[in-house]
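This report refers to the structure that appears directly beneath it.
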Protein chains: 2
Amino acid sequence: MYKKEITIYDIAAALNVSAATVSRALKDHPAISKKTRGKIREKALEMGYQTNALASSLRTSKSYTLGVIVPRLNSNFMSTVLAGMEKAASDAGYHLIIMQSFESEIKEKENAQLLFSHRVDGLMVSTTSTSPEPAHFKPFFAKNIPVVFFDRIPQKYNQYNCVTIDNREAAWQATRHLLDTGKTRVLHITGNTGIQVYKQRLEGYKAALSEANKPFDHQMVWETGLSVEDGEISAKRIMTMKPLPDAIFVANDTCAITIMHHLQKNGIKIPEQIEITGFNNDPFSEFSKPSLTTINYPGEEMGIKTVNLIIDKLNTKHIEPKGKQIVLKFGLLIRESTNQAAK
Amino acid sequence: MYKKEITIYDIAAALNVSAATVSRALKDHPAISKKTRGKIREKALEMGYQTNALASSLRTSKSYTLGVIVPRLNSNFMSTVLAGMEKAASDAGYHLIIMQSFESEIKEKENAQLLFSHRVDGLMVSTTSTSPEPAHFKPFFAKNIPVVFFDRIPQKYNQYNCVTIDNREAAWQATRHLLDTGKTRVLHITGNTGIQVYKQRLEGYKAALSEANKPFDHQMVWETGLSVEDGEISAKRIMTMKPLPDAIFVANDTCAITIMHHLQKNGIKIPEQIEITGFNNDPFSEFSKPSLTTINYPGEEMGIKTVNLIIDKLNTKHIEPKGKQIVLKFGLLIRESTNQAAK
DNA sequence: TTAAATAATGCAATCGATTGCGTTAACAAT
DNA sequence: ATTGTTAACGCAATCGATTGCATTATTTAA
């Protein structure tokens, strides 16, 4: 029924040479004469031979596979990161096994185990773990398999390899921009502040308030899932506030645009009554009415840098105990949802 | 330097049993007594043993890996499909190697080869090939490895396993909806019509025209890359037309929204002067001003159905020579960019 | 108590490619 | 002609888990 696998032994038998010779010929080992190499190449093609990467990886303990774990892959930001990763990996002769954790620490751990079992050469994680030190990567560290965190990094990030932006600084800029226009009641709608990125954004928000001598009110910080649904719920809740906030800093664009849309439906003028700032620079944030002020977050670059860092670790026999941090540049894009002339 | 791998032999040695016993114990083979099984389990945990999936796959020729090839992974639609795939695969004990072809047939072929080398159990492809029969999957067919095409399927699709929507019908409905409001100059902006999905959308467009007794004008069909940039270029070009078209059917939302945005900037009223219909139902198509009429395209479902079909083929020793086609339901979402009361 | 049946475990080959080391062949040097 | 060098290739072990077919230990039946 199933066709037999075609192996180097088959080629060897067909040409009356040893499997060793075939193996060497196929990878251009210098000890094989041009003539036999040619013959073998030809025969391999003719027989439809395809190398068995599993066998090769088992023997050499090198899989040319990188594992990726993300909370979910279908956000504009994350899929952009992954696209960058795939491109960079592919260019370097690697490929990706991508898994989703769905914000579950248990699933993240299971994923890590599976990737370990498959002997990935390296692991890239946007962690969903809120514990200071994610324990489930121990086996990787023990075997010296490089692990790089990106975007969502662990609390004690300076011990690990990380690629991120300065979320605190970005949030600080966004909030300050709102305060600069004289707004005083700035609502912050964010995600789980156990997660590093949201924690830092919150810190930036607080810092900007304090610097402007505005009191911090924890009632003005809402932790949500930042989804479209959360946006709808938040919008409703905002409508019940009195006084209304006069500005909102939302921790992602999806949620920001949803909120903006629903507030407008309720007759609220953006930015006149309420200014809104998002985060991520999703493609359509530019095309909403009004266009959304947001933080431009370099997804593709993050993916590429993450892969490059891991491949770098792979190629240099690194003995550095400490992790390396790469902090990418972001940009505050001031658009119509905050009515300020540029600077 | 590197810690030695911990294998079943190490566990066997530590407990004075054979590796065979350890292997069986770890997979709950009934022939192993509860007692030894317990001991082995415990020891494995204690020693930090992690199964080597490469060795296992080599021996059993079952990798529990599925390959995926897509043109690019960072569109809203595609990442949604992939998210569905990853979820479904993971639930079934499989995982995904995802690769991008970047619309290059050569890259697609290379990717297929690599996935074959890695002995994936099945392959899922959104093909970029415009040739009637994609030859680069031959090795898979020869070895009876299931291949399922989704979204972008080959020309002779009825010979293969496919999961799609009826693009012709969807385009027909979209175009007809425009014509129903009395529009006569309907521009169709689409992608490479060598690709099946765009070809079929074009056919649907033509069919609707012909049914309404409107002449088909090939100058009213523009093949573009459907990107944001293409949208900008198209918008400029539209502004030079006289008379202006009174309706546009764009083959994706990204491009549609860009065009709408730029036309509005030039003072054109949507939908009063020009109606616009998109395709895909990207998340923000609902939040644009005006909201965009579009075709709702079930991405996640497509991913899940594709994986399920492949796993189905994997589990049943299929001898069907012909492929199976799954056609998913789509929906025309009538919104503000076409000024028609529902129905 | 002993044969028969069943339960538990071990032996050794296998999956396919790789590679250190040893051989053989070919050619050059003396 | 003999030895020394290279060049070209083969042998066989190895990576780690699996599994058909023994073999041994334990029960059960008679």
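- Using a 4.0 Å heavy-atom distance criterion, Ser23(B) is classed as a base contact.
- Electrostatic pairing of Glu300(B) and Lys87(B) does not count as a salt bridge here, judged by no charged N lying under 4.0 Å from a carboxylate O.
- Nearest-nucleotide positions on DNA chain D for Arg59(A) and Lys27(B) put Arg59(A) closer to the 5' end.
- For the residue pair Glu105(A)/Ser129(A), the side-chain donor-acceptor check at 3.5 Å is satisfied.
- Counting only heavy atoms from C-beta outward, the side chains of Leu123(B) and Val147(B) approach each other to under 4.5 Å.
- The shortest side-chain heavy-atom distance between Tyr64(A) and Lys62(A) falls under the 4.5 Å cut-off.
- In this model, the phosphate group of dC9(D) is not approached by any side-chain N or O of Thr21(A) to a distance below 4.0 Å at OP1 or OP2.
- Among the heavy atoms of the strands lying under 4.0 Å from Thr7(B) are primed sugar atoms or P, OP1, OP2 only; no base atom is included.
- The span of DNA chain C lying next to chain A, judged by atoms under 4.0 Å from heavy atoms, is bounded 5' to 3' by dG16(C) to dC21(C).
- Considering only heavy atoms from C-beta on, Ile40(B) comes within 4.5 Å of Thr21(B) through its side chain.
- Residues of residues 28-45 of chain A that place a heavy atom closer than 4.0 Å to DNA chain C do not occur.
- Note on Val17(A): only backbone sugar-phosphate atoms sit closer than 4.0 angstrom, heavy atoms only; bases stay farther off.
- Per the geometry, CZ belonging to Arg24(B) stands 11 Å off C1' belonging to dA22(D), to the nearest Å.
- When each of Arg119(B) and Asn16(B) is assigned the nucleotide of DNA chain C bearing its nearest heavy atom, the one mapping closer to the 5' terminus is Asn16(B).
- Partner Leu82(B) forms a side chain to side chain contact (heavy atoms under 4.5 Å, CB included) with one of Val68(B), Asn74(B), Leu96(B) and no other, that one being Val68(B).
- A search for ring pair (Phe, Tyr, Trp, His ring centres under 6.0 Å) contacts involving Phe137(A) returns Phe149(A), not counting sequence neighbours.
- Paired with Val22(B) under the rule side chain to side chain contact (heavy atoms under 4.5 Å, CB included), one option of Ile8(B), Thr7(B), Leu15(B) passes, and it is Ile8(B).
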